[in-house]
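These notes concern the structure reproduced below.
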Number of protein chains: 2
Amino acid sequence: MLTDRQLLILQVIIDDFIRYGQPVGSRTLSKKEKITFSSATIRNEMADLEELGYIEKTHISSGRVPSEKGYRYYVDHLLSPQHLTTEDMRKIRSIFAERIYELEKLVQKSAQILSDLTSYTSIVLGPAVKDNKLKRIQIIPLNKETAVAIFVTDKGHVENRVITIPASVNASDLEKMVNILNERLIGSSIMELKDKIYKEVANVLRAHIYNYDSMLKTIADMIELPREEKLFLAGRANMLSQPEFNDIQKVHSLMKIIEQEKEFYRLLRRSSKKGIQVTIGHENQLSGMENCSLITATYSIGEEQLGTIAILGPTRMEYSRVITILNQVASDLTKALTDWYQNG
Amino acid sequence: MLTDRQLLILQVIIDDFIRYGQPVGSRTLSKKEKITFSSATIRNEMADLEELGYIEKTHISSGRVPSEKGYRYYVDHLLSPQHLTTEDMRKIRSIFAERIYELEKLVQKSAQILSDLTSYTSIVLGPAVKDNKLKRIQIIPLNKETAVAIFVTDKGHVENRVITIPASVNASDLEKMVNILNERLIGSSIMELKDKIYKEVANVLRAHIYNYDSMLKTIADMIELPREEKLFLAGRANMLSQPEFNDIQKVHSLMKIIEQEKEFYRLLRRSSKKGIQVTIGHENQLSGMENCSLITATYSIGEEQLGTIAILGPTRMEYSRVITILNQVASDLTKALTDWYQNG
DNA sequence: GTTAGCACTCAAACATATTGAGTGCTAAAT
DNA sequence: ATTTAGCACTCAATATGTTTGAGTGCTAAC
């Protein structure tokens with residue numbers, strides 16, 4: 001267990017390092033307001049803190065920098081809560097003041113403001129469609145061979161696909177099919193759509209539609225709905241202004257990860273527990289992200305969780321500030337969505 | 001006017017520099033197969049070429065590098081046409097072999113393959129919607145206050161917006177309105193939609209619908225269609241593997257430009273003439289792009305131009321190779337689109 | 001007109017001090 | 001028993017000097 005003095009020193013070291021990005025030495029520390037004892041004492045305490053793994057040296061005679069364990073402790077126990085400036089508050093509010101009813105646009109704007117305010121990169125995992133309920137299916141023929149299939153959900157999400165229509169299928173068959181689909185499927189969640197079509201609807205279709213067989217392909221085309229939520233990114237360039245990323249190699253590998261999206265997507269999905277989640281450096285388990293921390297929060301409509309908003313920055317991140325901002329945006333976003341969709 | 005020998009030297013200098021990225025000296029040149037005269041002669045010729053502004057020194061005793069004027073001349077007159085490897089060809093074909101009917105997806109895949117093949121950043125200006133013809137308008141109520149308005153075009157593009165519905169408007173009014181809109185507007189180009197609604201449709205609506213006034217806002221909401229085409233980017237990270245961008249500052253300002261999209265968008269719009277366009281360094285007129293060249297081509301359906309595909313790379317770019325690839329992708333894309341939409 | 005030869009230039013690579021911020025340890029002070 | 005002053009030591013960063021090699025321009029000979 002750490003003594004109060006050790007905690008104080010640890011906190012001051014990390015605060016200073018987050019602020020200035022330079023290893024912190026005993027002399028620097030001894031000059032801080034909160035520190036009342038001499039540099040020699042500090043050196044002794046630092047030696048202990050290092051032995052316990054909370055801080056590290058960059059070389060044998062350097063000052064100390066926080067280790068991942070140090071950051072972890074700091075985030076869990078030592079964060080000094082921060083206030084948002086009224087200016088920041090105003091900026092956040094301004095987004096939700098406009099009456100934007102498009103879920104996606106709102107989410108994208110949130111990503112933008114997050115990266116603007118924090119100067120880090122923001123990532124937003126878009127609203128999950130799978131829990132939406134089907135509101136309407138529509139098929140609109142474009143020409144003899146193709147048509148657009150449109151799915152509208154209760155949250156106003158529109159999904160559309162171009163499908164091919166076998167020559168043998170005529171307009172009235174198509175119409176009949178759409179009617180049956182709507183009759184049987186409206187109100188079902190998007191997730192169970194595929195299942196329901198094959199288990200419940202297929203028989204009805206077979207009974208009523210002459211060309212059922214040739215229609216099969218059309219149906220198969222249609223229900224290939226996207227399984228993954230969209231990923232919105234903002235402020236990628238901000239990464240480049242962080243001094244820890246003045247090594248092109250590091251930036252490159254990080255950018256490649258972000259660009260591929262796949263692994264990254266998994267990372268965000270994993271941390272979809274409610275509340276703020278912080279993963280530091282190697283906790284992210286993605287090579288290329290050793291020097292990064294990821295802070296995530298979730299947003300929802302009422303109790304129904306929709307997606308994740310996150311900030312990606314260097315491990316030397318302004319945790320306190322970012323957490324405050326993320327909390328604010330997440331709760332404002334949730335509030336706005338809840339108001340519109342639950343009481344609307 | 002340049003002599004044949006000067007042209008030869010200029011070409012070999014640029015070819016070599018594009019390949020190795022290092023200033024080219026007279027000794028290096030004299031060893032090239034095509035060069036039959038001594039390094040001293042070359043030095044004399046290079047002095048002349050420099051005076052004419054085609055090549056430059058990086059410092060007083062360095063080898064020469066091409067100037068922007070040199071690149072311009074090279075691109076306009078000295079390009080040695082290249083063949084695509086069968087492997088590259090196969091990769092390109094593979095995209096268009098799949099039957100993807102979604103215009104946007106196809107375009108996005110093209111962007112991906114372009115950046116993969118060239119190792120530069122690719123940018124694709126998505127299909128312009130403004131020339132599409134309206135195929136169908138649909139309004140699907142979500143709850144008492146809101147509904148989704150859906151526009152389908154003849155090219156299968158679907159545009160949707162969430163709109164608010166005044167309390168005084170009932171379902172039958174809404175239905176009537178949609179009918180009138182469809183009756184009057186189907187076949188109109190998206191561009192003229194707004195105009196037509198106010199000039200031609202407004203009167204009809206007023207005559208037939210009791211709640212015309214309160215419906216006005218709904219209509220206004222609806223026809224706010226996006227004016228700008230979508231921008232698809234792929235291979236941003238590729239920039240970082242170019243040796244000319246090992247300066248974080250340069251990369252940063254470039255990334256910021258790309259991220260803001262606005263200026264960039266204009267740049268692409270400007271070069272929407274048919275055929276290959278090359279802009280080199282300062283010709284791009286955007287600060288941050290001094291070290292970049294942009295090569296663009298257009299794609300179309302039949303004769304109707306749809307959008308632009310482009311490659312962004314350092315001025316020291318493999319012009320010949322990129323142009324070949326860009327040409328191939330543009331023509332394959334055009335062919336695929338033309339086949340599907342004109343003969344479909 | 002072309003080329004060999006020479007003096008000269010400069011970036012890059014390497015080696016060698018110098019400085020300063022930092023450490024750990026010990027012995028004296030509290 | 002803590003705390004602190006003092007000292008020897010370490011190492012990154014910086015500056016300084018040296019060497020090397022690829023390059024140039026110019027001149028005189030071919």
Side-chain angles (χ1 to χ4, degrees), chain A residues 1-10 12-17 19-32 34-67 70 243-244 246-247 316, chain B residues 1-10 12-17 19-32 34-67 70 243-244 246-247 316:
Chain A
M1 202 43 213
L2 297 177
T3 66
D4 281 356
R5 193 165 67 186
Q6 285 174 323
L7 289 183
L8 175 62
I9 290 178
L10 180 58
V12 177
I13 288 178
I14 300 187
D15 280 339
D16 187 273
F17 183 69
R19 183 119 177 236
Y20 301 108
Q22 294 298 323
V24 190
S26 56
R27 209 176 115 79
T28 317
L29 278 181
S30 70
K31 284 186 196 146
K32 299 263 169 185
K34 291 183 190 167
I35 305 282
T36 53
F37 28 90
S38 81
S39 65
T41 309
I42 295 169
R43 280 200 288 282
N44 290 330
E45 295 286 31
M46 289 207 292
D48 290 349
L49 281 172
E50 182 169 13
E51 207 166 336
L52 292 167
Y54 292 100
I55 54 180
E56 300 168 343
K57 291 191 257 195
T58 60
H59 60 85
I60 193 151
S61 75
S62 76
R64 304 306 211 288
V65 300
S67 67
E244 22 271 289
N246 55 11
D247 175 9
R316 183 185 73 83
Chain B
M1 200 46 211
L2 298 176
T3 67
D4 282 355
R5 193 165 69 188
Q6 285 174 323
L7 289 183
L8 176 63
I9 290 178
L10 180 58
V12 177
I13 289 177
I14 300 186
D15 280 338
D16 186 273
F17 183 70
R19 182 120 176 236
Y20 302 107
Q22 294 298 324
V24 190
S26 55
R27 209 175 115 79
T28 318
L29 277 181
S30 70
K31 285 186 195 145
K32 299 264 170 185
K34 291 182 190 168
I35 305 281
T36 53
F37 27 90
S38 83
S39 65
T41 308
I42 295 170
R43 280 201 288 282
N44 290 329
E45 296 285 32
M46 289 206 293
D48 290 349
L49 281 171
E50 181 170 12
E51 205 166 336
L52 292 167
Y54 293 101
I55 52 180
E56 299 168 343
K57 291 191 257 193
T58 60
H59 61 87
I60 192 151
S61 75
S62 77
R64 304 305 211 289
V65 300
S67 68
E244 22 270 290
N246 55 11
D247 174 9
R316 183 185 73 83

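Each chain gets a letter, A, B and so on, in the order its sequence line appears, and its residues count up from 1. Just so it is clear, the values below take in all heavy atoms, side chains as well, and ignore hydrogens, waters and symmetry mates. All figures in this text were calculated on a predicted structure; none of them were measured in a lab.
- Of the candidates D:dT3, C:dC10, C:dT3, C:dC10 carries the atom nearest the B:I60 side chain, counting heavy atoms from C-beta on.
- Residues B:I55 and B:I14 fail the side-chain proximity criterion, which asks for heavy atoms closer than 4.5 Å.
- Listed nucleotides: D:dG25, D:dA5, C:dT23. Nearest to the side chain of B:K57: D:dG25.
- In this structure, B:R64 and B:V24 have side chains that are not in contact, with every pair of non-hydrogen atoms separated by 4.5 Å or more.
- Rounded to whole Å, the distance from CD1 on A:I9 to P on C:dT23 is 11 Å.
- For A:S67 (side chain) and A:G53 (main-chain N/O), a donor-acceptor pair under 3.5 Å exists by modelled atom type.
- Distance check, rounded to the nearest 0.5 Å: OG1 of B:T41 to CE of B:M46 gives 11.0 Å.
- Proximity of residues 41-52 of chain A to DNA chain D (heavy atom under 4.0 angstrom from any strand atom) is restricted to A:T41, A:R43, A:N44.
- If you take CD of A:E56 and P of D:dC11, they are 17 Å apart, rounded to a whole angstrom.
- Atom-to-atom, CZ of B:R64 to C1' of C:dT9 comes out at 13 Å; the value is rounded to the nearest Å.
- Interatomic distance, CG of B:L8 versus CG of B:L29, reported as 9.0 Å (0.5 Å rounding).
- Using a 4.5 Å cut-off on side-chain heavy atoms (C-beta onward), B:K31 and B:R27 make contact.
- In this structure, B:F37 places its CZ atom 13 Å from C1' of C:dT3, rounding to the nearest Å.
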Go through it in stages, so that I can follow the logic: the residues are B:Y54 and B:Q6, the test is side-chain contact (heavy atoms from CB on, under 4.5 Å), and I'd like the CA-CA distance, side-chain angles, deciding distance and then a yes or no.
CA-CA 10 Å; B:Y54 293 101; B:Q6 285 174 323; over 6 Å; no
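- Rounded to an integer number of Å, the gap from CZ of A:R5 to P of D:dA1 is 16 Å.
- Residues B:H59 and A:S26 both approach DNA chain C. Their nearest nucleotides, taken by heavy-atom distance, put B:H59 toward the 5′ side.
- Remark: C1' of D:dG23 and CG of B:D16 are 14 Å apart, rounded to the nearest angstrom.
- Between the A:S62 side chain and the A:T58 main chain, a donor and an acceptor come within less than 3.5 Å of each other.
- The CG atom of A:L2 sits 6.5 Å away from the CG atom of A:L49 when rounded to the nearest 0.5 Å.
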Distances under 3.5 Å between nitrogen or oxygen atoms of protein and nucleotides 15-21 of chain C:
none

